[in-house]
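See below for the structure under consideration.
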Amino acid sequence: MKKTIHLFICLAFFTSCSARRSSVSNRLARDNNHRVQKDNRQGINNYTPLTSLQYIALYKGTAIQEMNLYGIPASITLAQGLFESGSGNGELARVANNHFGIKCTPDWKGKVYYKDDDNKNDSFRVYDTPEQSFRDHSLFLKRKNYRGLYDLSINDYKGWARGLKSAGYATNPDYPRLLINIIEKYHLDQYDNPDGVIEVKKQDSITVIPAPKNPIAAKDSTMRQPADAKTYTVQQGDTLYSISKRFGLSVDDLKAMNNLDTNSIKIGQVLVIR
């Protein structure tokens with residue numbers, strides 16, 4: 001009985017980011033993640049892989065709303081969401097509704113999801129809905145170290161991309177270039193209009209749809225995955241080259257099918273392989 005109580009206390013302790021320890025054991029991380037997956041079983045079961053264009057159509061309304069409320073360019077929010085979540089297909093987005101890779105800080109009181117990143121079993125924030133992730137992203141960028149960003153024009157997405165890196169949002173030295181490339185590839189700067197006017201260029205070939213209140217597995221009618229589409233979840237040690245060889249594809253084919261600009265992939269990312 002004492003052992004059971006002790007285990008319960010330990011699990012509860014590590015469920016919140018208020019825990020001061022920098023790491024947890026693999027067993028505690030696994031048990032915690034199992035509970036998070038169980039709590040979000042409906043969302044996981046209803047998950048449907050998204051293309052980048054589907055992701056934009058699904059969340060551009062939310063990004064514009066956040067821009068109007070907090071002054072963060074919608075292009076930056078969408079580019080970060082696309083990159084950090086793998087167009088909504090990454091493990092954190094699917095299981096924890098975390099679209100921006102925001103890790104826990106001492107003031108976070110919500111649920112936690114453990115995943116290897118810069119360190120073993122890094123702790124990430126868990127949200128009930130994707131919209132909560134977008135709102136927390138806006139609030140996160142109100143922290144003191146990001147204050148200088150708001151001196152920039154809302155149309156200066158390049159300055160914002162560089163400023164995010166300088167303020168410590170990401171450790172990847174190519175982070176600004178990656179965001180800028182995504183914005184320019186998908187013309188996301190068209191959404192940096194404080195009036196919230198939504199336009200879709202013809203080359204996007206997607207239908208304009210409003211962001212639903214609970215957009216889990218919503219799909220654009222003109223961008224649906226083929227009925228026989230098959231996917232593969234990236235495992236530790238995988239590279240685009242090894243995955244392409246495994247399924248008889250070229251690296252370029254694999255990148256084209258998944259709208260990838262670089263060879264960078266993340267553990268848990270879902271790739272279309274057929």
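The figures that follow rest on heavy atoms only: side chains count, while hydrogens, waters and symmetry mates do not.
Of all the heavy atoms in Val126 and Trp108, the pair that sits closest is O-CZ2, 3.5 Å. The shortest non-hydrogen separation linking Thr231 to Pro49 is CG2-CG, 4.0 Å.
Leu188 has its side chain within reach of Leu82: a pair of non-hydrogen atoms, C-beta onward, lies under 4.5 Å apart. Under the 4.5 Å side-chain criterion, counting only non-hydrogen atoms from C-beta, Ile267 is in contact with Lys115. Looking at Gln269 and Thr233, their side chains never come closer than 4.5 Å, going by heavy atoms from C-beta outward. The shortest side-chain heavy-atom distance between Ser133 and Phe100 falls under the 4.5 Å cut-off. Looking only at side-chain heavy atoms (C-beta outward), Thr239 and Asn263 stay at 4.5 Å or farther from each other. Looking only at side-chain heavy atoms (C-beta outward), Asn97 and Phe134 stay at 4.5 Å or farther from each other. With contacts defined as side-chain heavy-atom distances shorter than 4.5 Å, the pair Thr77/Met67 does not qualify. Counting heavy atoms from C-beta on, the side chains of Asp118 and Lys103 come closer than 4.5 Å.
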Would you please test Lys120 and Asp116 for side-chain contact (heavy atoms from CB on, under 4.5 Å) and show each step? CA-CA 5 Å; Lys120 181 73 173 177; Asp116 292 351; 3.2 Å; yes

Kindly indicate, with the supporting measurements, whether the criterion salt bridge (charged side-chain N to carboxylate O under 4.0 Å, His left out) is fulfilled by Arg125 and Asp136. CA-CA 10 Å; Arg125 301 182 179 192; Asp136 195 43; 2.8 Å; yes

Is there a side-chain contact (heavy atoms from CB on, under 4.5 Å) between Ile243 and Ile265 once you walk through the steps? CA-CA 11 Å; Ile243 296 172; Ile265 53 177; 4.0 Å; yes

Evaluate side-chain contact (heavy atoms from CB on, under 4.5 Å) for Arg135 paired with Tyr127, printing each intermediate quantity in order. CA-CA 10 Å; Arg135 175 55 52 84; Tyr127 308 96; over 6 Å; no

Under the side-chain contact (heavy atoms from CB on, under 4.5 Å) criterion, do Leu53 and Tyr55 qualify, and how do the steps go? CA-CA 5 Å; Leu53 290 178; Tyr55 185 92; over 6 Å; no

Go through the steps to decide whether Tyr113 and Asn32 satisfy the test side-chain hydrogen bond (donor to acceptor under 3.5 Å, both in side chains), and finish with yes or no. CA-CA 7 Å; Tyr113 191 80; Asn32 173 84; over 6 Å; no

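Partners of Ala29 by side-chain contact (heavy atoms from CB on, under 4.5 Å), not counting sequence neighbours, listed by chain and number: Val24, Tyr114, Asn121. When the side chain to side chain donor-acceptor pair (under 3.5 Å) test is applied to Asn258, no partner is found at least two apart in sequence or on another chain. Considering only residues two or more places apart in sequence or on other chains, Ala161 meets the side-chain contact (heavy atoms from CB on, under 4.5 Å) condition with Ile76, Pro176, Leu179, Ile180. For Thr262, the side-chain contact (heavy atoms from CB on, under 4.5 Å) partners are Leu178, Ser264, not counting sequence neighbours. Residues satisfying the side-chain contact (heavy atoms from CB on, under 4.5 Å) criterion with Ala93, sequence neighbours excluded, are Ser85, His99. Under the rule for a salt bridge (charged side-chain N to carboxylate O under 4.0 Å, His left out), Arg30 has no partner lying at least two apart in sequence or in another chain. Checked against ring pair (Phe, Tyr, Trp, His ring centres under 6.0 Å), Tyr157 has no partners two or more places apart in sequence or in another chain.
Within the structure, salt bridge (Lys or Arg N to Asp or Glu O under 4.0 Å) contacts touching residues 76-88 (residues at least two apart or in different chains) are Glu84-Lys266. For residues 147-169, the set of pairs meeting the salt bridge (Lys or Arg N to Asp or Glu O under 4.0 Å) definition, not counting sequence neighbours, comprises Lys158-Glu184. Screening residues 89-102 for salt bridge (Lys or Arg N to Asp or Glu O under 4.0 Å), with sequence neighbours left out, gives no hits. Within the structure, every pair that satisfies the salt bridge (Lys or Arg N to Asp or Glu O under 4.0 Å) test and touches residues 36-53, not counting sequence neighbours, is listed here: Asp39-Lys111. Contacts classified as ring-ring contact (aromatic ring centres under 6.0 Å, His included) and involving residues 61-80 (residues at least two apart or in different chains) are not found.
Side chains of Ser75 and Asp192: a donor on one and an acceptor on the other come within 3.5 Å. Side-chain atoms of Tyr59 and Glu131 include no donor-acceptor pair closer than 3.5 Å. Checking Gln80 against Tyr175 by side-chain atom types alone, a donor-acceptor pair falls below 3.5 Å. Side chains of Tyr169 and Asn145: a donor-acceptor N/O pair is absent below 3.5 angstrom, by distance only. Between the side chains of Thr105 and Arg143, a donor-acceptor pair is found at a separation under 3.5 Å.
Atoms OG and CH2, from Ser153 and Trp160 in turn, are 10.0 Å apart once rounded to the nearest 0.5 Å. Taking CG of Leu149 as the reference point, atom CD1 of Ile154 lies at 12.0 Å (rounded to 0.5 Å). Atom-to-atom distance recorded for Leu78:CG and Asp189:CG is 11.0 Å, nearest 0.5 angstrom. Rounding to the nearest 0.5 angstrom, the gap separating the CG atom in Leu139 from the CD atom in Gln132 is 11.0 Å. To the nearest 0.5 Å, the span separating OG on Ser138 from CD1 on Ile72 amounts to 4.0 Å. Taking CG of Asn40 as the reference point, atom OG1 of Thr129 lies at 10.5 Å (rounded to 0.5 Å).
Distance alone, capped at 3.5 Å, is enough to place a donor-acceptor pair between the Asn172 side chain and the Asp174 backbone. The closest donor-acceptor contact from the side chain of Glu66 to the backbone of Ala63 lies at 3.5 Å or more, if one exists at all.
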